Amino acid sequence: MGKIVGIDLGTTNSLIAFMDKETPRVIKNAEGVGMLPSVVAFGEGEMWVGEAAKRRLVTHPDKTIYSVKRFMGKGFDDIRNEARLFPFQFVEGPVVRVQIGEKLYTPPEISAFVLKELKQRAEAFFKEPIRQAVVTVPAYFNDGQRQATKDAGKIAGLDVLRMINEPTAASLAYGFQKRKEGIIAVYDLGGGTFDVSILKINNGIFEVLSTNGNTHLGGDDIDQLLVDFIVKDIFKHHSIDLSNDPTALQEIRIRCEELKRKLSSAERAEISLPFPQKKITYRCEIKRLEFEELIGPLVEKTMGPCKQAMEDAALGPDQIDEVILVGGSTRIPVVREQVAALFKKVPHSEIDPDEAVALGAAVQADILAGGITHMLLLDVTPLSLGIETMGGVVSRLISRNSTIPTSAKEMFTTFVDGQQSVAIHVVQGEREMVKDCRSLARFNLTGIEPMPAGMPRIEVTFLIDADGILNVTAKDIRSGKVHSVEVKPSYGLGHDEVESMIASSIAHAQEDFNERMLIEARNEAKTVLRHVEKALREGGALVGEPERQEIDQSAVALRAAIEGPDHLPIREALDRLDRSTQHLAALLMDRSLKEVLQNKKLTDL
Ligand code: AMP
């Protein structure tokens, strides 16, 4: 078995690390730099990755791709608005693609260039080929985003053995697995994303109790606030409008980022930009206090998700033992102060916040390689998963916040006599109706033996592996026919959507419940009516005229109730029909038909 490396594929920067005896270490390049900017630049038949690419942000903004992690596993519709903020060209279509000259690249392809660069760095270091890696992903990455990350690895020639959530990796880097038990909060403010997670450790076992955050909040946004401020200030003092000049804006962005970094250690810092054509140099000194005022609302925006994460974990600040800071933006003093105030304790920052995740990935790689054997990592699914059943109702198999890896199994049946195939529609979300959830995948299970409705047994299994990837299998028990998919949704989902999906499920709980009850009652009524018709055809002569009339009238009443807007009258009419057919059912000697009449246990597909 070759070496297994740990990779932090970040929005702004990426790193690669390995376990050096018992200590995880980041692999540096020839210049002694560990961080590789997650930037890829294209030129005439040439390509640059990392620092060299980052330098081209100014000169070739349209051909230099950054923050591509934001687009991983997403559809173009999801990023349409955001795409406008980037100087490179996106192409309309079901998946996100970036156009460079004649060529189109997907986010996994761009990320693969970054991974390849890291892989080569490790190969130069070890002087041997590297083929296996552990890659970290934000805790809230959905199946599609995780799959896209795995794809990026594959394109780069890496077998991604395991993907672990970034906060879990950070905890491993701190060696907190050695604690007998405890609660850890991981506050991760990187370049493009903000994540907060509450983890529980028990005898070396990690469990993610809750996660929250915002995929659109980070150092990039802080830079943007500064850029906007400076552009306005330049206009105010020199009447130069740079707001539509991409080259100038990129230059300002780089200077603002430097300014921001300086303000983390200095009380004041200066930015200066020469305008040779106008024979002037713009200068501006910014004090840390002014900077803190400017970014105050942004830092405040991270507090809500922290409170929510604590609430979801049913824990208060006093019950949290350790707080870990991750991501370069946590070097900003005001961020640290706010985190300390919220969690009522000084957060850990002994490990370089830029390296913690990669170091933890290396620890996980070592666990897989067999170096560390006593640890298990548990994560949770952010949203519920289920399948569509008759009438567009969701049948939930795995609930939100279930610890992964996990699996669930349920039996379903057919709705129509002789039905030889069923459509399996996999959905994600908290609402009762399919139309209010996200569609993840669809497939057909064919080759079901023709039988009366309700007879086939179709076993649907959901399996979420340790990487959070969902595998759905449908099996016709009688014929043994099986069909399965690995869910690879074309549309991604951010924290905001997850939040709003959960919020809307709470807001619509009552109406969802009513709608579900109505549809379920209608479905059952239709099935029962069909069965009763069949029973009458086959055994109607066995009962007397008054009884026959009562059955007919009950059926008419049920048909009328089905048209109504309420489930209770349907239930009443169903009961009446049930009572009026009991004698007929008893008379019918055909046991299988009896089964059909009484079998309402399985849900129809
Ligand atoms: P990451 O995704 O963790 O690599 O995050 C990098 C982000 O941290 C970028 O937005 C950097 O500008 C920011 N960053 C790095 N160092 C500092 C610093 N000393 N002060 C403020 N922000 C920083």
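Values in this document were obtained by computation on a predicted structure and should not be read as measured data. Note that ligands are numbered from 1 as they come in the structure, with each ligand's atoms numbered from 1 the same way.
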Exercise for review: Examine N13 against ligand 1 and note whether any of their N/O atoms are separated by less than 3.5 Å.
Suggested key: yes
Practice item. Can you establish whether the number of heavy atoms outside E293 located under 6.0 Å from its atom CD is more than 12? Key: no
Review point. Polar-atom distance check: G190 versus ligand 1, any N or O pair below 3.5 Å?
Key: no
Revision key, fill the gap. Within 4.0 Å of some non-hydrogen atom of I332, the atoms of ligand 1 are 21 (C)
Check your understanding: Do side-chain atoms of H237 reach the backbone of D233 as a donor and acceptor pair under 3.5 angstrom?
Key -> yes
Check your understanding: What residue and atom, counting heavy atoms only, is the protein's closest point to atom 12 (O) of ligand 1, and at what distance?
Key -> E257 OE2, 2.3 Å
**Study point:** Contact atoms of ligand 1, heavy-atom distance to T12 under 4.0 Å
**Key:** 2 (O)
**Study point:** Residue, atom name and distance, where the atom is the protein heavy atom closest to atom 16 (N) of ligand 1
**Key:** R331 NH1, 3.0 Å
Review point. Could an N or O of ligand 1 be found under 3.5 Å from any N or O of S264, whether backbone or side chain?
Key: yes
Side-chain donor-acceptor distances from residues 32-40 under 3.5 Å, at least two apart:
{"from": "S38", "atom 1": "OG", "to": "G10", "atom 2": "O", "distance (Å)": "2.9"}
{"from": "S38", "atom 1": "OG", "to": "S14", "atom 2": "N", "distance (Å)": "3.4"}
{"from": "S38", "atom 1": "OG", "to": "S14", "atom 2": "OG", "distance (Å)": "2.8"}

Point to revise | Nearest neighbour in protein (non-hydrogen) for atom 2 (O) of ligand 1 | key: G191 N, 3.1 Å
Point to revise | Main-chain N/O of G328 paired with D354 side-chain donor or acceptor, under 3.5 Å | key: yes
Check your understanding: Counting only heavy atoms not in E22, do more than 12 fall under 6.0 Å of its CD?
Key -> no
Check your understanding: Going by the atom numbers of ligand 1, which of them fall below 4.0 Å from some non-hydrogen atom of G327?
Key -> 3 (O)
Review point. Between F90 and F71, how do the two ring planes meet: parallel, tilted or perpendicular, split at 30° and 60°?
Key: perpendicular
Exercise for review: Report the part of T11 in contact with ligand 1, treating N, CA, C, O as backbone and CB onward as side chain, heavy atoms under 4.0 Å; options are side chain, backbone, both, neither.
Suggested key: neither
Check your understanding: Which ligand 1 atoms does G219 reach within 4.0 Å, using its non-hydrogen atoms?
Key -> 10 (O)
Check your understanding: Counting only heavy atoms, which portion of S329 has something under 4.0 Å from ligand 1: side chain, backbone, both, or neither?
Key -> both
Point to revise | Sidechain-backbone polar pair: R336 side chain, P347 backbone, donor-acceptor under 3.5 Å | key: no
Review point. For ligand 1, which part of R261 has a heavy atom less than 4.0 Å away: the side chain, the backbone, both, or neither?
Key: both
**Study point:** Protein heavy-atom partner closest to atom 23 (C) of ligand 1 - residue, atom, separation in Å
**Key:** G328 O, 3.3 Å
Practice item. Tell me whether the centres of the aromatic rings in Y174 and H348 are closer together than 6.0 Å. Key: yes
Practice item. Taking atom types as modelled, find out whether D220 and Q224 have a side-chain donor-acceptor pair closer than 3.5 angstrom. Key: no
